[in-house]
Amino acid sequence: MKIIDLHTHGIAGYDTRTTRSGGILKITEIHGSLGVSEILLAVYPSPVETMRRHMETIRRAMEEQHSAFKKCSSARILGVYLEGPFINPVKCGALDVRSCLPPSLTAFRRLVDGYEDIVKVVTVAPELGGAVRLIKKIADMGITVNMGHADATYAEAEAGFRAGAGGITHIFNAMSGFHHREPGIAGFGLMNREVYIEVIADPFHLHEKTLEFIFRTKPADRIMIVSDSVKETGGILSRRGVRDGNGRLLGGSMSVTESADRLIRSGLRKDFVMRCITKNPERFLSGD
């Protein structure tokens, strides 16, 4: 049974903001030691040339890993997850607001040129001008689009889904909240039976009752637990949530295996939880 983490920036002192493939391989080793089989490496929004350098580093690590994979127990790198830069500055969360770009096919092509084979997921805010057109173009290229870091209404999220978006990036976090007169993108993620949702299931990103609400509301085959782990994950900060000096969450504090164990201990059915880190992410990536 393959355990998959579709959204990790790094862990235990290492992250994707590097030009050293050895650092990337350390991320795979650490996730592998925690029982994770496969990962998508999330690249932070930065100037386009910086993001391209980080993708190049991941590509080198993938090549190095492939040549030696049978000899190690590391998590296999599935590819790259671009968390932006076509996101809403008002919902950038801990991401760099200066790196947010208006959705543009020209900018996207400049970003991914030569890396189309390893880019697997891109987060786009569907309410931004030009976003729906870009979502359709990206989906037509065979790359999965998530909607997130967004201030979208329910209708705007639905338009993004109809254009080809398949998922929601870490539901409820860094997005418009649920309101009884405007359910927003979070409401769309819960109510639409087809769209997949990422869930950060550590003790800090979502209230226990919110997690219960998600697992009671959303079809079991459309929930994907992700770590959203960062460089600081696994250190002493993880005990209180990985935060900056202002208390803002910077990323997840647990691996997907640790999060799954936590949910099972809380009373959720083991088979339900485990499909959220095995079958569901696998089907999501396959476009099913």
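Note: hydrogens, waters and symmetry copies are ignored here, and every other heavy atom, side chains too, is used. Not measured: the values here are computed from a predicted model.
A donor atom on one side chain and an acceptor atom on the other are not found under 3.5 Å apart for His54 and Thr18. For Ser286 and Arg283, the side-chain atoms include no donor-acceptor pair closer than 3.5 Å. Side-chain contact, His7 with Glu198: a donor N or O sits under 3.5 Å from an acceptor N or O. For Asp202 and Ser253, the side-chain atoms include at least one donor-acceptor pair closer than 3.5 Å.
In this structure, the separation between NE2 on His66 and CZ on Arg76 is 9.5 Å, given to the nearest 0.5 Å. Between atom CD1 of residue Ile168 and atom CD1 of residue Ile185 there is a gap of 4.0 Å, rounded to the nearest 0.5 Å. Distance check: Leu211 CG to Arg216 CZ gives 12.5 Å after rounding to the nearest 0.5 Å. Atoms CG and CG, from Asp261 and Leu34 in turn, are 10.5 Å apart once rounded to the nearest 0.5 Å. Rounded to the nearest 0.5 angstrom, Asp221 CG and Glu194 CD are separated by 8.0 Å. Once rounded to the nearest 0.5 Å, the distance linking OG of Ser259 with CD1 of Ile277 reads 8.5 Å.
For Leu101, the side-chain contact (heavy atoms from CB on, under 4.5 Å) partners two or more places apart in sequence, or in a different chain, are Val48, Pro85, Phe86. Residues that satisfy the side-chain hydrogen bond (donor to acceptor under 3.5 Å, both in side chains) test with Thr278, not counting sequence neighbours, are absent from this structure. By the side-chain contact (heavy atoms from CB on, under 4.5 Å) test, Glu29 pairs with Lys26, Ser74, sequence neighbours left out.
The two residues His31 and Ala75 make their nearest non-hydrogen contact at CB-CB, 4.0 Å. The shortest non-hydrogen separation linking Gly252 to Thr233 is O-OG1, 2.6 Å. Scanning all heavy atoms of the two residues, the minimum distance from Gly10 to Ile27 falls at CA-CD1, 3.8 Å. Scanning both residues, Gly189 and Ile197, for their nearest heavy atoms gives O-CG2, 3.5 Å. Residues Val226 and Asp5 approach most closely at CA-OD1, 3.7 Å, considering heavy atoms.
Glu232 places no side-chain N or O within donor-acceptor distance of the main-chain N or O of Gly241, the cut-off being under 3.5 Å. Distance alone, capped at 3.5 Å, is enough to place a donor-acceptor pair between the Asp96 side chain and the Arg98 backbone. Asn280 places a side-chain N or O within donor-acceptor distance of the main-chain N or O of Ile223, the cut-off being under 3.5 Å. Checked by atom type and distance alone, the side chain of Thr217 never pairs as donor or acceptor with a backbone atom of Ile214 at under 3.5 Å.
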Residue pair Arg109, Asp113: steps toward the salt bridge (Lys or Arg N to Asp or Glu O under 4.0 Å) verdict:
CA-CA 5 Å; Arg109 283 177 171 160; Asp113 181 43; over 6 Å; no
Which is it for Lys209 and Glu212 under the salt bridge (Lys or Arg N to Asp or Glu O under 4.0 Å) test, yes or no, and what are the steps along the way?
CA-CA 5 Å; Lys209 289 298 180 182; Glu212 182 181 338; 3.0 Å; yes
Given the rule in the side chain to side chain contact (heavy atoms under 4.5 Å, CB included) test, do Glu56 and Tyr115 qualify, once you have shown the distances and angles that lead to the verdict?
CA-CA 8 Å; Glu56 179 59 29; Tyr115 297 101; 2.8 Å; yes
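Electrostatic pairing of Arg162 and Glu158 counts as a salt bridge here, judged by a charged N lying under 4.0 Å from a carboxylate O.
When ring centroids are compared, His170 and His149 come within the 6.0 Å threshold.
The closest side-chain heavy-atom distance from Ser99 to Pro47 is below 4.5 Å. Proximity of Phe108 to Ile143: side-chain heavy atoms (C-beta onward) are separated by under 4.5 Å at one or more points. Inter-residue side-chain proximity for Thr210 and Phe215 is flagged as unmet; no heavy-atom pair is nearer than 4.5 Å. Between Lys218 and Ile171, the closest side-chain pair of non-hydrogen atoms is not below 4.5 Å. Phe172 has its side chain out of reach of His205: every pair of non-hydrogen atoms, C-beta onward, lies at least 4.5 Å apart. In this structure the side chain of Ile4 never reaches within 4.5 angstrom of the side chain of Val36, judged on heavy atoms. Annotation: side chain of Pro183 is not in contact with side chain of Phe188 (no heavy-atom distance under 4.5 Å). No side-chain heavy atom of Val199 sits less than 4.5 Å from a side-chain heavy atom of Met224.
The stretch residues 173-189 participates, sequence neighbours left out, in no side-chain hydrogen bond (donor to acceptor under 3.5 Å, both in side chains) pair at all.
A cation-pi contact, defined as under 6.0 Å to the ring centre and within 45° of the axis, links Arg17 to Tyr44.
Residues Val273 and Leu206 share a single hydrophobic cluster, defined by chaining ILVMFWY side chains whose heavy atoms lie under 4.5 Å apart.
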Which side-chain N or O atoms in residues 131-141 pair as donor and acceptor under 3.5 Å with protein atoms at least two apart or in another chain?
| from | atom 1 | to | atom 2 | distance (Å) |
| --- | --- | --- | --- | --- |
| Lys136 | NZ | Asp140 | OD2 | 3.0 |

Show me, pair by pair, the donor-acceptor contacts under 3.5 angstrom made by side chains of residues 116-130, not counting sequence neighbours?
| from | atom 1 | to | atom 2 | distance (Å) |
| --- | --- | --- | --- | --- |
| Glu116 | OE1 | Gly114 | N | 2.9 |
| Asp117 | OD1 | Arg59 | NH2 | 2.5 |
| Asp117 | OD2 | Arg59 | NH2 | 3.1 |
| Lys120 | NZ | Asp117 | O | 3.2 |
| Thr123 | OG1 | Tyr81 | OH | 3.3 |
| Thr123 | OG1 | Thr169 | OG1 | 2.8 |
| Glu127 | OE2 | Asn88 | ND2 | 2.7 |
| Glu127 | OE2 | Asp151 | N | 2.6 |

